[in-house]
Amino acid sequence: QVQLVESGGGLVQPGGSLRLSCAASGSAFSIYSMGWYRRAPGKQRELVAHITSSGSTHYADSVKGRFTISRDNAKNTAYLQMNSLKPEDTAVYYCNIGPSVSGTLRPFGSWGQGTQVAVFS
């Protein structure tokens, strides 16, 4: 089972930026897609961005143009650069790994603890 550890969250004001990191265990990192999810209070977990093994990226409409997902296969790490943050981005952010199917991700890793992002004045 792939283990995932997220980091980089924090408290920022609206318009600010954060960079999240996701470290994955195992040797299969480079052949699968990686995704960033978030769960806001009282809401379901949603996929906000994912990146395929070839580097193609996909974003939820709510973050398009503000968030950028990337990966470093040599470090088994995925990143989420978040700019122009809004209060509605407040959530616990998680990452996971899996194949891309029909434009989305089928995660199979063990969910980590996530990293909290809070955006407010």
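Predicted, not measured: the structure shown is a model, and the values here were computed from it. In this chain, residues are counted from 1 in sequence order.
The shortest non-hydrogen separation linking C22 to L4 is SG-CD2, 3.8 Å. Here the shortest heavy-atom pairing between L105 and N96 reads CD2-O, 3.9 Å. The minimum heavy-atom distance linking E6 with Q113 is given by the pair OE1-N, 3.7 Å. Counting all heavy atoms, side chain and backbone alike, L18 lies closest to V117 at CD1-CG1, 3.9 Å. In terms of heavy-atom proximity, R71 sits nearest to S33 at NH1-CA, 3.9 Å. Here the shortest heavy-atom pairing between Q116 and A91 reads NE2-O, 3.2 Å.
Under the 4.5 Å side-chain heavy-atom criterion for Ile, Leu, Val, Met, Phe, Trp and Tyr, V63 and I51 are members of the same hydrophobic cluster. L80 and V12 fall within the same hydrophobic cluster, defined by Ile, Leu, Val, Met, Phe, Trp and Tyr side-chain heavy atoms under 4.5 Å apart, directly or through other members. The cluster map of Ile, Leu, Val, Met, Phe, Trp and Tyr, joined by side-chain heavy atoms under 4.5 Å apart, puts M82 and Y79 in different clusters. No single ILVMFWY cluster, assembled from side-chain heavy atoms under 4.5 Å apart, contains both L47 and Y93.
Ring geometry for H50 versus H58: interplanar angle under 30°, hence parallel rather than tilted (30 to 60°).
Taking CD1 from I97 and CE from M34, the interatomic distance works out to 5.5 Å, rounded to the nearest 0.5 Å. Atom CG of N73 and atom OG of S53 lie 8.5 Å apart (nearest 0.5 Å).
Counting non-hydrogen atoms of neighbouring residues, nucleotides and ligands closer than 6.0 angstrom, the CD atom of Q44 reaches no more than 12 such neighbours. Within a 6.0 Å sphere centred on CD of Q13, heavy atoms belonging to other residues, nucleotides or ligands number 12 at most. Counting heavy-atom neighbours within 6.0 Å of Y32 OH, excluding the residue itself, gives a total of 12 or less.
Residues F67 and L85 have side chains in contact (heavy-atom distance under 4.5 Å, counting atoms from C-beta outward). Contact of the L20 side chain with the R38 side chain is not registered, since no non-hydrogen atoms from C-beta on lie closer than 4.5 Å. Looking only at side-chain heavy atoms (C-beta outward), V48 and E46 come within less than 4.5 Å of each other. Counting heavy atoms from C-beta outward, Y59 and T68 have side chains that approach closer than 4.5 Å.
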Name the atoms and distances for all side-chain donor-acceptor pairs under 3.5 Å in residues 23-31, with sequence neighbours left out.
unit_1	atom_1	unit_2	atom_2	d
S25	OG	Q3	N	2.8

Inset, instruction - Could you walk me through whether K64 and D61 pass the salt bridge (charged side-chain N to carboxylate O under 4.0 Å, His left out) test, one step at a time? - result: CA-CA 5 Å; K64 203 170 291 184; D61 288 344; 3.1 Å; yes

